[in-house]
J.: 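One structure follows; several queries about it will come next.
Lettering follows sequence order; numbering is per chain, from 1. Values below: all heavy atoms of this structure, side chains included; hydrogens, waters and symmetry mates excluded. These numbers were taken from a predicted model, which means no experiment stands behind them.
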Number of protein chains: 2
Amino acid sequence: MSPGPVKLSDVAERAGVHPATVSRALSERTRHMVNTDTAQRVLAAAEELGYTPNPIARSLKTNRSFTIAVLLPDLTNPLFPPMVRGIEDALAEAGFTALIANTDNHPDRALAAVETMRTRLADGCIAATATRDDGLLAEAATEMPMVLINRRVLNHEIPAVVADDRSGVRQAVEHLAALGHERIAHVAGPQWLATGADRHEAFLAALRGVGLEPDPHLISFGEGFTEEQGARSLHSLLEAGAKFTALVAGNDLMALGCYDALVERGLSCPDDISVVGFNDMPFADKFNPPLTTVRIPHYEMGRRAAELLLGRIEGDGSTPGEDIVLPVELIQRASTAPAPSRRARQAAS
Amino acid sequence: MSPGPVKLSDVAERAGVHPATVSRALSERTRHMVNTDTAQRVLAAAEELGYTPNPIARSLKTNRSFTIAVLLPDLTNPLFPPMVRGIEDALAEAGFTALIANTDNHPDRALAAVETMRTRLADGCIAATATRDDGLLAEAATEMPMVLINRRVLNHEIPAVVADDRSGVRQAVEHLAALGHERIAHVAGPQWLATGADRHEAFLAALRGVGLEPDPHLISFGEGFTEEQGARSLHSLLEAGAKFTALVAGNDLMALGCYDALVERGLSCPDDISVVGFNDMPFADKFNPPLTTVRIPHYEMGRRAAELLLGRIEGDGSTPGEDIVLPVELIQRASTAPAPSRRARQAAS
DNA sequence: GATTATCGTGCAAACGATTGCAGGCGCTCG
DNA sequence: CGAGCGCCTGCAATCGTTTGCACGATAATC
């Protein structure tokens, strides 16, 4: 037997057959081509020798790597690890492996990553990096199966699995409205991301839904879903003299930024201003105050994205793709409280 | 030209040379074997055609995949993403890619992961999953270059990069002692992990260092570095009637568990009990109260681990390996306060 | 009993790159 | 002027699998 890892020909020799026969006997799909008891013999030999196929050689021949590229803007954002877990779990069940790449939100790093993935022959790609109008990904999508997660591009050319953002912010503003808030601000996320734009739009709609008229002076856009941008946005709102008693932030990170801005100005949450976030990131219940936010099913989104992708890979390439939108749920914690006016009234009564 | 991705022979044809020549011209290492201006021609042709080598085919021949396996217990633990970033960045600079696997702290899942990695021909492995006495990894280490991160095995057979745990907990108890605390508890991590055992030992030493005698009744061991275990440990301490005014937790997650246990029992941090954590995980400054903890250089640890590993791969296999231990720093926030006794005295004066 | 279908297996050519070996050419040097 | 030496470059084998094709044997058909 040759040295090093055992290979197909070793098994063949041991079983007294040709390597090709071993190959056929070992694959579920081609097993029927070989006599049942030779198959048994081969299987036994493979078992005894502890044969494991060399995936490199296999890939070279078949052009499939059983590898899925996962493009993330930033693994450090607590939003993503649970999604990745979901993705990995679903992929593993199908014998696939995830290859994770951070893009830092830089288009060129994304380009480089896509390139790497493509040349490494990933069988498909799950991207969380898409900007709303993303030519790069759209182009890449023509070359390999792709699905988006937590993002969406303008013309639904790429299937996506997303949380029900509209419902989420609706629940948020209804909650605020029910608490008596009438002047509600929006510390919005970047508008070049679908999540940012969708939530902003949903915010406007939800406000009208509860009979409030949107006020442009109560809306400020951040340039990223980050703490700094959240703080900056809130500061600029306050700076401009806007008056409001509650705000909904683009996501939890921005909400945390708002916390910072608030304490910096000696304001209290929720006494002066109620804030609600988005995502229910890990430890959102441990913040000061515990953050009211809308919970999205991170893990489930990951699973669904992976399953969707696998379906497109294995499948006939059809399933033209309704986006999958998963339900969300408002988690009420201590960062929201009745509006001051109502508290005053209650105190008076 | 053949269809699909451009390959070596396409470039060869275009440049009017043999594929072998192209191969040599394209590799920095072998370029000197080919005439300077043919090399130019080849380079130009490759550029025009947009040639990118097929790493699968290359790997098959060279037995190198330029892939590094990264074994994590749990990507969802906020400790790890920054490390992964460090690893990825350092690897990318050298043209390597990281393959991330979660083991969920299950030895068999780790085994499966290692197996996958090995058969996928990873060139090396960075593991954060090692238990103190880890036969599995020790064995795997004989088959491929490996370095440990944030973990250590008993007999230093595998090089590791770790934070200076001893110094960290020393700083923590000195801080507490300086605040006047005399009865300091330890909500320790699992002892089968090096981090758990080291910190426990360091705790004992540090206590004596400030002239306090360790009391076994003030120490409780968790079975995992988790919130639940932190809460459970603290509960059992309190249940047993232990009296103390401060505690150092095995890590930040356990500290958060302590927060939970404290509020559940109507105790206040830091008024009744000061707590200090370990790791300075993201958002530790946002907790209620902001957590005093010791900061470890996550990102840097990742980088160093990757660099160390690459050195072992490229290099002569020497560097027998002192462990790399990186400095840590106590970050004082609001979860620690002067001991009640001292506060009383201050109030009296 | 000759002819055709059926089944099981081996042969050999891929996949796309790397690399030892050999050979052609032009020099120099004795 | 011929032997010898360097420098380039082409040839062909190789990495470990998969897979179309052909071949031989056995079974089914008329």
J.: Tell me the salt bridge (charged side-chain N to carboxylate O under 4.0 Å, His left out) pairs involving residues 147-156 of chain B, sequence neighbours left out?
T.: B:Arg152-B:Asp198, B:Arg152-B:Asp323
J.: Test of understanding: with side-chain hydrogen bond (donor to acceptor under 3.5 Å, both in side chains), list the residues that count as partners of B:Glu93, not counting sequence neighbours.
T.: B:Arg303
J.: How would nucleotides 9-19 of chain D be written as a contact map, 5' to 3', with B for base contact, S for sugar-phosphate-only contact and - for no contact, using protein heavy atoms under 4.0 Å?
T.: BBBB-BBBBBB
J.: Can you sort out the partners of A:Arg24 under side-chain contact (heavy atoms from CB on, under 4.5 Å), two or more places apart, ordered by chain and number?
T.: A:Ala20, A:Thr30, A:Met33, A:Val34
J.: Apply side chain to side chain contact (heavy atoms under 4.5 Å, CB included) to A:Leu72 and A:Thr103, showing your working.
T.: CA-CA 6 Å; A:Leu72 301 179; A:Thr103 65; over 6 Å; no
J.: Under 3.5 Å, which donor-acceptor pairs do the side chains of residues 75-85 of chain B form with other protein atoms, sequence neighbours left out?
T.:
| residue | atom | partner | partner atom | Å |
| --- | --- | --- | --- | --- |
| B:Asn77 | OD1 | B:Leu79 | N | 2.9 |
| B:Arg85 | NH1 | A:Asp74 | OD1 | 2.7 |
| B:Arg85 | NH1 | A:Asp104 | OD1 | 3.4 |
| B:Arg85 | NH2 | A:Asp104 | OD1 | 2.4 |
| B:Arg85 | NH2 | A:Asp104 | OD2 | 3.1 |

J.: Run the side-chain donor-acceptor check on residues 43-56 of chain B: report pairs under 3.5 Å with partners two or more places apart or on a different chain.
T.:
| residue | atom | partner | partner atom | Å |
| --- | --- | --- | --- | --- |
| B:Glu48 | OE1 | B:Arg14 | NH1 | 3.1 |
| B:Glu48 | OE1 | B:Arg14 | NH2 | 2.7 |
| B:Asn54 | OD1 | B:Ile56 | N | 2.8 |
| B:Asn54 | OD1 | B:Ala57 | N | 3.2 |

J.: Using five pairs at either end of the helix from C:dG1-D:dC30 to C:dG30-D:dC1, determine the angle between the two local helix axes and round it to 10 degrees.
T.: 60°
J.: List for me each residue that meets side-chain contact (heavy atoms from CB on, under 4.5 Å) alongside A:Ala101, sequence neighbours excluded, and say none if there are none.
T.: A:Leu71, A:Ala113, A:Met117
J.: Quick one: which residue pairs count as a salt bridge (charged side-chain N to carboxylate O under 4.0 Å, His left out) with a foot in residues 56-72 of chain A, not counting sequence neighbours?
T.: none
J.: Can you pull the contact range of chain B along DNA chain C, 5' to 3', using atoms under 4.0 angstrom from its heavy atoms?
T.: C:dG16 to C:dG20
J.: Return the set of residues passing side-chain hydrogen bond (donor to acceptor under 3.5 Å, both in side chains) with A:Asn35 (not counting sequence neighbours), or none when no residue passes.
T.: none
J.: Who pairs with A:Ala94 by side-chain contact (heavy atoms from CB on, under 4.5 Å), at least two apart in sequence or on another chain?
T.: A:Phe96, A:Leu310
